[in-house]
Structures are given as structure tokens and as C-alpha cells.
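Following: one structure in C-alpha cells, then a few remarks.
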Amino acid sequence: MNPVLSIENVHKSFSTGFIPKKREILKGISFSVAEGEIFGYLGPNGAGKTTTLKSVLGLIFPDEGRIELLGRPHLDPRAKERLGFLPENPYFYDYLTAREFLDFYGQLFGIPKSARDERIARLLKLVGMDRSSGLPLRKFSRGMLQRVGLAQALINDPAFVILDEPLGGLDPLGRKEIRDIILNLRREGKTVLFTSHILQDIEMICDRVAIIVGGRILSQGKLTDLVSEKVLFTEVTVSGVELEELAALGESLTVQADRVLLKVVEEDKVQDILTLVQKNNGRIHSLIPRTQTLEDLFVDMVKPQ
Amino acid sequence: MTVKIVKVIALNTFKEAVRDRILYLLLFFAAVSILFARVLALLTVGDRAKIIKDVGLASISLFGALMAILIGTGLVYKEIEKRTIFTLISKPIRRPEFLLGKFFGLVLTLFVMLLAMSLIFLALVFVHTWTIEWTMLVAILFIFLELVLITAVAVLFSCFSTPILSSLFALSFYLIGHFSWSLETFIKKARPGATKILLQVLYAILPDLENFNLKTEVVHGLPLSAAHLLYSAAYGIVYAAFILALAVLIFRRRDFV
Ligand SMILES: Nc1ncnc2c1ncn2[C@@H]1O[C@H](COP(=O)(O)OP(=O)(O)OP(=O)(O)O)[C@@H](O)[C@H]1O
Ligand SMILES: [Mg+2]
């Protein structure tokens with residue numbers, strides 16, 4: 001199966017300053033997004049996520065590299081027929097009402113009037129903005145704009161949706177709503193690429209991720225492959241055992257009344273603790289194996305830079 | 001290139017322009033200026049209707065040009081500055097379609113504004129002469145052609161510089177365009193040589209907006225030469241097309257950041 005988006009060795013520099021000085025922002029980006037998946041593109045502030053997306057959309061022209069979108073060269077309008085895009089910090093025509101705004105984009109896709117009206121009503125409802133449809137966009141809050149922006153991205157019933165920080169500026173309930181919309185898109189067979197800082201969101205809904213740091217992709221793949229299932233350490237809470245006896249087996253993190261929270265790294269030491277507790281007629285209150293999270297991975301990658 | 005997309009963008013641009021207050025401010029001053037002709041006419045001896053026509057047409061031309069410049073120079077720049085162009089470019093449209101849409105949207109706006117100004121003007125002339133003077137419409141049609149050209153220039157500057165700078169450039173274009181004909185006298189007087197050739201080249205490059213000025217002819221009832229009208233119309237259209245092509249060329253490969 002052909003990828004929905006493939007980016008190969010994309011380089012981009014910007015010249016800034018009075019005496020132009022070149023700064024390479026993208027230093028050879030390559031990754032691809034497969035059909036039907038939710039792909040997370042993550043990286044710290046200023047890593048080059050938005051710059052990558054702008055290259056894909058033809059807003060900026062890469063100095064080098066190839067981009068293919070929905071099986072066509074990425075600048076081909078026919079590829080964009082089936083694409084939806086939500087920019088970060090959406091800015092829209094503030095003199096239009098939400099309905100006029102969506103209608104304008106619907107017209108650009110040549111959707112006939114009756115189908116357009118029906119779709120606009122459905123999308124406004126989907127993003128929870130049906131009550132504000134007659135309000136000019138200049139009176140919208142940031143989160144409301146974000147929602148209308150998402151409706152705009154879906155106006156052409158796209159096969160592939162690119163969302164630049166779709167969860168930014170939303171309240172917790174709104175974040176869940178948008179996450180559900182994204183999951184629903186996958187259920188409808190659509191492909192989604194989105195960027196986010198919020199790792200829990202990525203962890204919760206993405207199939208695959210790419211991590212970009214300083215203009216380079218440091219890691220990409222299935223979330224389950226990147227974040228190893230390997231147990232990093234085990235947290236055990238016990239009581240009824242002398243602290244000194246436990247000290248050799250693990251690092252005691254907190255002591256409350258007679259309860260001790262231990263961080264145990266080696267797995268056979270966990271067994272030793274269990275035997276020790278049995279021998280002393282003590283009790284195990286909890287035993288939690290900690291696996292690696294995306295955050296651990298992310299922090300590991302970003303730190304050395 | 002599809003006409004349909006250009007049309008959709010043009011209509012949206014029209015919506016943007018007519019929701020801009022500055023347009024109505026200019027329209028108001030244009031109306032004041034046209035009606036002021038009536039006051040001037042009362043104060044002067046001579047043919048009052050002629051003064052009203054003269055001042056009225058001049059007002060329409062000047063305020064039309066101001067509308068074209070003040071709105072046109074912001075059109076493209078604002079889209080980039082406010083980043084509304086991000087979502088637009090992500091849709092299946094080509095950059096030239098965007099630019100032409102903006103251009104025709106403003107042309108449509110100016111057409112409607114010109115219509116409004118003409119109504120006021122013709123009504124004023126009517127109460128003085130009790131006839132509807134259709135030749136006035138010919139003069140106004142050529143003012144419209146001039147505005148089309150100025151719009152193209154405003155859009156061109158708007159592609160790469162700020163509205164204030166663009167306005168200055170476009171205003172200079174307007175002024176130079178109305179005085180470049182005086183070069184002709186210089187050329188006639190100049191002795192053959194480098195200076196003369198230089199002046200001739202300059203004259204060829206500089207816009208000659210007086211081509212669109214039919215005031216003298218219509219006010220004094222002089223015959224209009226079909227050849228001149230045809231030449232002026234072709235001049236305006238070719239010049240505007242050339243400016244737009246230049247704008248497309250500049251706009252085609254630029255980064256929106
Ligand atoms: N027009 C520009 N001129 C110069 N530098 C730029 C330009 N646009 C972006 N940059 C630089 O490129 C780098 C990457 O920017 P980009 O917006 O792609 O980051 P990002 O990963 O989207 O960050 P964030 O998570 O904050 O949105 C930044 O260091 C930024 O300063
Ligand atoms: Mg960004």
C-alpha cells in the first residue's frame with residue numbers, strides 16, 4: 001500500500017537578519033504516513049514541526065528533498081482536493097461569520113449548495129459550534145476558533161487530515177472531544193497526522209510517531225516499539241518489615257508510619273522482598289511495575305541536545 | 001487555472017472590502033466633493049453645468065483611485081500577515097488563482113463604488129441640465145479602466161511590501177501617470193541626442209494615465225475619436241495584464257512564513 005504522505009530528505013534554510021545569515025531549520029527530514037493510521041509528530045518548541053507541515057502544504061518551498069502527497073507531487077491541486085489542514089493558532093477571516101467562513105471553503109472545493117449547507121450544519125454540530133454559527137469570527141475565543149478551524153479542515157470530507165496542534169488552547173473537556181473526533185476519523189478510514197506537545201494525548205491515540213529534535217528525526221515507528229514494554233523498575237509498598245533489612249534490596253523512597261515505598265530495579269530482588277515479607281509476617285500493599293513512557297523517551301532524546 | 005475558483009475568491013474579497021469602513025469614509029468624501037461642485041458653480045460666473053461636470057468627474061477619478069490604492073495595497077499583504085493564506089493555500093487552488101481572485105474582487109468593489117458615485121453625479125448634472133448626459137458615462141467608463149490599472153499596481157506592490165509603502169508607491173504611480181504627458185513637450189524641445197532618447201525611453205515606460213482622461217472632451221462636448229478610445233482601452237488592458245503577470249511571477253515562488 002502506498003503511503004498517504006512520504007517525505008524524503010527535506011532540507012530548508014531561512015535567511016534572517018539585516019545581513020542575511022542562513023540557518024538550517026530542517027536538516028534532512030524523512031518519514032512517511034501510512035493509510036488509515038493516526039500519526040503523531042512530536043518535538044520540542046522550535047524543532048521544525050510547523051516548518052515541515054508548511055513544506056508539505058506548499059506554503060514554503062524546501063531547498064532540497066521530495067514530498068509526495070496522496071500519491072501525487074505535493075503541489076498538485078488534485079492531491080489537495082482530498083486533504084484537510086488546520087494551522088497552529090488558526091487565523092481566519094474575522095469579518096466572516098462561522099457559517100460564511102465554512103461556506104467559502106466549501107465553494108473552493110466546488111461542493112454544490114445543498115450538500116454544502118448540510119455538511120456545514122453537521123460539522124458545526126460536530127465541533128460544538130452550532131450555536132455560534134452566526135457570530136463573526138472576530139468575536140470568537142481562541143478555543144472556539146480552533147474548533148471552527150477543525151470544521152474547516154473537514155469541509156471536503158478529506159482522506160487525509162493534517163492538524164498542527166489541534167489540542168492547543170482547549171479546555172480538558174474540549175481536548176477529549178477533539179481526541180474523540182480524531183479517533184472517529186480513523187474509524188471512518190481516514191488518515192490523520194497531528195503535532196502536539198502533550199505526550200499523553202499522543203500516547204492515547206497515535207499508532208505511530210516521529211520525534212523531531214533540532215530539525216532531525218531522531219526516532220520514528222510504532223508507539224509500542226519505541227516505548228519498550230520492558231519493566232524499568234518496580235514500586236513495592238510493604239509493612240511489617242524492618243527498614244534495615246529492606247535497604248539492601250531496593251531504594252526506599254518514602255516511609256509513612258510503618259509503610260515503606262521501595263524502588264526496586266532488579267527483578268529477582270522483587271522475589272527476595274516477597275520472601276522477606278512472608279518470613280516476617282508482613283504485608284504487601286502494592287506492587288507496580290513501571291514501564292517506559294513516551295515522556296521518558298522524549299526527555300532522553302531532547303536532553304543531550 | 002479555473003474561473004470558478006477565481007470567482008469564489010473574488011466574491012469573498014468583495015465581501016471583505018465592503019465590510020471595511022474605510023470604503024464608506026471615502027465614498028462619503030467623494031459625495032461631499034461632488035456636491036461641493038454645486039457650491040463652486042454658484043460662486044463662479046460662466047457655464048455652471050460645465051463646472052459641475054468638471055469637478056464631479058475629477059472627484060470620481062481621485063476618490064476612485066484612493067479607494068483602489070488604500071484597499072488594494074492591503075489585500076494580499078494582510079492575507080500573509082494575518083496568516084489567513086495558510087488555510088487558503090492548503091486548498092486545491094493555485095497561487096495565480098488567488099492573486100487574480102483578489103484583483104477581480106477589488107475591481108468588482110470599485111465598479112460598485114463607481115456606480116454609486118456616478119448616480120450622485122448624474123443626478124446633480126440632471127437637476128442642472130434636465131437631461132441625462134450619456135457621454136458622461138463614457139468618461140466614467142474610462143475612469144474605471146484607469147482604476148483597473150491602478151488596482152493591478154496596488155496588488156503588485158502588496159505582494160512584497162507593507163501597505164504604507166505600497167500606498168506610497170501606488171500613489172506615485174498615479175501622480176506620475178497623470179503628469180508623464182508633460183514629458184512630451186520636453187521631448188519636442190530637446191535637441192536630438194542622448195537626452196532625447198532617454199526622455200523617449202522614459203516616456204515609453206512610464207504610465208500615461210491621461211489616456212483615460214476624457215474630461216475635456218465630454219465637458220465641452222468635443223467629438224470623441226473612436227481610434228483614441230480604442231487605443232486607450234487597449235493600452236489600459238495590456239498595461240494591467242503586464243503588471244498582473246509581474247505580480248504572479250513575484251508571488252509564485254515566495255515562502256509564506
Ligand atoms: N521565517 C522564519 N525565519 C527564520 N526562522 C524561522 C522562520 N520560521 C521558523 N523559523 C525557525 O525555525 C525553527 C522551527 O520553527 P517551527 O515553527 O517549525 O517549530 P515547531 O516545531 O512548530 O515549534 P512549536 O512546537 O513551538 O510550534 C524555529 O527555531 C524558528 O525560529
Ligand atoms: Mg509549531
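Letters A, B, ... mirror the listed sequences (proteins, then strands); counts begin at 1.
Ring geometry for A/Tyr41 versus A/Phe31: interplanar angle of 30 to 60°, hence tilted.
A/Leu96 touches chain B through backbone and side chain together, each having a heavy atom under 4.5 Å away. For chain B, the nearby parts of A/Gln152 are the backbone and the side chain; heavy atoms of each come within less than 4.5 Å. Both the backbone and the side chain of B/Arg83 come within contact range of chain A, judged by heavy atoms closer than 4.5 Å. Within the 4.5 angstrom heavy-atom criterion, no atom of A/Asn156 approaches chain B.
Side-chain atoms of B/Asn211 do not come within 3.5 Å of backbone N or O of B/Gly236 as any donor-acceptor pair. For A/Ser132 (side chain) and A/Leu135 (main-chain N/O), no donor-acceptor pair under 3.5 Å exists by modelled atom type.
Your options are B/Ile93, B/Leu11, B/Leu88, and the one with the most heavy-atom pairs under 4.5 Å with chain A is B/Leu88. For the set A/Phe85, A/Tyr105, A/Phe92, A/Phe14, the entry with the most heavy-atom pairs within less than 4.5 Å of chain B is A/Tyr105. Ranked by heavy-atom pairs under 4.5 Å with chain A, the first of B/Arg95, B/Lys4, B/Lys7, B/Arg254 is B/Arg95. In terms of heavy-atom pairs under 4.5 Å with chain B, the best-connected choice from A/Leu59, A/Asp76, A/Thr51, A/Val56 is A/Leu59. Across A/Ile162, A/Leu108, A/Leu57, the residue that shares the most heavy-atom pairs under 4.5 angstrom with chain B is A/Leu108. The residue among B/Ile9, B/Val257, B/Ile5, B/Ile89 with the most heavy atom pairs within less than 4.5 Å of chain A is B/Ile89. Chain A forms the most heavy-atom pairs under 4.5 Å with one residue out of B/Thr84, B/Asn12, B/Ile85, B/Asp20, and that residue is B/Asn12.
Geometrically, B/Arg253 engages A/Phe61 in a cation-pi contact defined by less than 6.0 Å to the ring centre and at most 45° from the axis.
Side-chain polar atoms of A/His11 and A/Asn9 form a donor-acceptor pair below 3.5 angstrom.
No more than 12 heavy atoms of other residues, nucleotides or ligands sit less than 6.0 Å from atom CZ of B/Phe179. The local environment of CZ in B/Arg252 is sparse, with at most 12 non-hydrogen atoms from other residues, nucleotides or ligands closer than 6.0 Å. Open room surrounds CZ on B/Phe111; 12 or fewer heavy atoms of other groups in view lie less than 6.0 Å from it.
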